[in-house]
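Down below is the structure, laid out as structure tokens.
Start at 1 with the first residue, then count along the sequence.
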Amino acid sequence: MASIITENLKFFALFFRSRDVMIFNGLVALGTVGSQELFSVVAFHCPCSPGRNYMYGLAAIGVPALVLFLIGIMLNNHMWNLVAECRKRALKNCSTPATFLLFGSILGRAIVAPVTWSVISLLRGEAYVCARSEFLNPSAFLDFPLGYGPDSMARFSCPDTPRNLIPFKDEVIRRLKYESQFLGWILIAVIASAAFLLNCLHHCCSPLSYHQEAYWKHYRYAEKDLFNRTAEVHAKVLAANNVKEFFGFVALDKDEKEVVSQYPVDEAQTSPEWQEITGVYLYRENKGFPLYSRLHKWAKKVIGNGTDPNGREMALLAV
């Protein structure tokens with residue numbers, strides 16, 4: 001029984017790891033939906049005034065989307081690898097298609113939350129109704145009373161609608177929500193189509209076979225996991241050595257003593273070594289052998305792009 005449970009846990013771990021981008025995007029979208037619902041209940045209050053309605057409605061949709069977009073950019077590791085690459089190498093090792101693909105990868109992940117926010121806002125329709133109500137043409141409604149302009153139309157989205165206009169309120173809001181939801185569905189169709197086409201383009205232009213690309217993905221996960229865990233241990237051992245050098249002893253618990261004794265550390269890596277493994281990396285081959293990361297390239301002592309007359313560069317996929 002224990003072995004069956006262990007195997008099932010391994011299967012689920014591999015399943016979710018192989019779909020981490022999809023799951024991450026799903027969680028981001030769900031979090032955005034929850035935030036949008038909370039915002040609509042707590043913070044959204046249409047000013048019911050010509051000029052202000054339009055600006056407030058646009059701000060209610062656009063400003064949170066912009067903030068979510070910037071947060072997505074800041075939380076993307078590719079962004080900071082790109083910054084490091086520009087600062088140290090000015091992207092001189094990146095071809096134009098590879099640079100475009102890298103920017104696309106950064107933007108693609110960053111727009112998940114803002115697009116979700118915009119779509120949910122349009123499907124709910126509250127911000128759109130607030131923004132568009134003042135621009136409605138009263139003559140478009142049958143038997144609409146004369147003498148009412150933008151001041152009155154702007155109040156259709158608010159509780160204090162003029163008494164003799166209340167019979168038209170449901171029709172006005174229904175039309176505006178129809179427009180808003182239609183735009184929302186169009187946005188969903190455009191985004192889904194773009195995602196499908198880009199995914200097809202990615203697989204068609206990839207110089208790697210499906211199995212090698214899957215292997216490269218597993219390698220990146222394994223290297224990142226091992227690097228982070230090893231860096232944590234290395235930093236702790238180095239810190240323990242320095243503290244002991246200063247005080248003459250270091251206060252360690254039993255597990256930490258085992259780690260320090262098991263993994264001796266003399267010195268930290270030099271800054272040039274850190275620079276070599278930091279930045280944008282594009283899949284390359286050297287003498288027919290793949291170089292799956294900057295760390296892999298550093299370990300093989302390959303200098304420059306790793307290309308020579310006997311090797312070739314495959315700079316179409318950005319990590």
For the student: nearest non-hydrogen atoms of [X] and [Y], plus distance:
X	Y	value
Gly72	Ala110	C-CB, 4.0 Å
Trp216	Tyr292	NE1-O, 2.9 Å
Ser121	Ile61	CB-CG1, 3.9 Å
Asn53	Cys48	OD1-N, 2.8 Å
Thr230	Leu226	OG1-O, 2.7 Å

May I ask you to decide if [Y]'s main-chain N or O and [X]'s side chain share a donor-acceptor pair within less than 3.5 Å?
X	Y	value
Trp117	Pro64	no
Glu213	Tyr210	no
Ser261	Glu258	yes
Trp80	Leu75	no
Gln181	Leu122	no
Asn228	Lys224	yes

Is there a chain of hydrophobic side chains (I, L, V, M, F, W, Y, each step under 4.5 Å between heavy atoms) that links [X] to [Y]?
X	Y	value
Leu176	Met55	no
Val67	Ile73	yes
Ile191	Phe196	no
Val243	Tyr263	yes
Leu123	Val190	no

Kindly determine whether Ile188 and Val115 satisfy side-chain contact (heavy atoms from CB on, under 4.5 Å), including the steps that lead there.
CA-CA 9 Å; Ile188 290 175; Val115 166; over 6 Å; no
4.5 Å side-chain heavy-atom contact, Gln212 and Pro290
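A side-chain contact exists here, since the closest heavy-atom pair is under 4.5 Å.
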Is the shortest side-chain heavy-atom distance between Cys130 and Pro47 below 4.5 Å?
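Result yes, sub-4.5 Å side-chain heavy-atom pair found.
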Is Lys300 positioned over the aromatic face of Trp298, cation under 6.0 angstrom from the ring centre and no more than 45 degrees off axis?
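No - Lys300 does not lie over the ring of Trp298 by the 6.0 Å and 45° rule.
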From [X] [atom1] over to [Y] [atom2], what is the distance, rounded to the nearest 0.5 angstrom?
X	Y	atom1	atom2	result
Lys244	Leu252	NZ	CG	9.0 Å
Glu267	Leu238	CD	CG	7.0 Å
Tyr215	Leu208	OH	CG	12.5 Å
Ser180	Ile173	OG	CD1	12.5 Å
Leu70	Leu66	CG	CG	4.5 Å
Met74	Phe69	CE	CZ	11.0 Å

Assign the ring pair [X] / [Y] to parallel, tilted or perpendicular, where the plane angle (0 to 90°) is split at 30° and 60°.
X	Y	answer
Phe247	Phe249	tilted
Tyr54	Phe135	perpendicular
Tyr219	His296	tilted

Would you check, one step at a time, whether the test side-chain contact (heavy atoms from CB on, under 4.5 Å) holds for Lys177 with Arg124?
CA-CA 8 Å; Lys177 284 196 172 183; Arg124 288 180 61 89; over 6 Å; no
Could you tell me which residues satisfy salt bridge (Lys or Arg N to Asp or Glu O under 4.0 Å) with Glu256, sequence neighbours excluded, listed by chain and number?
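Scan of Glu256 (salt bridge (Lys or Arg N to Asp or Glu O under 4.0 Å), adjacent residues dropped) gives Lys236.
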Output all residues satisfying salt bridge (Lys or Arg N to Asp or Glu O under 4.0 Å) with Arg174, sequence neighbours left out; order by chain, then residue number.
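Partners of Arg174 under the salt bridge (Lys or Arg N to Asp or Glu O under 4.0 Å) test: Glu171.
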Which is it for Glu276 and Arg294 under the salt bridge (Lys or Arg N to Asp or Glu O under 4.0 Å) test, yes or no, and what are the steps along the way?
CA-CA 7 Å; Glu276 282 294 320; Arg294 282 196 169 276; 5.3 Å; no
Between Arg229 and Asp225, is the closest basic N to carboxylate O distance under 4.0 Å?
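Salt bridge flag = yes for Arg229 with Asp225.
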Donor-acceptor pair between Tyr56 and Arg52 side chains, under 3.5 angstrom:
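Checked: Tyr56/Arg52 side chains show no N/O donor-acceptor pair below 3.5 Å.
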Report yes or no: do Thr278 and Gln275 form a side-chain donor-acceptor pair below 3.5 Å?
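There is no such pair between these side chains.
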Derivation of the side-chain contact (heavy atoms from CB on, under 4.5 Å) call for Arg132 and Glu179
CA-CA 10 Å; Arg132 282 275 292 123; Glu179 294 178 7; 3.4 Å; yes
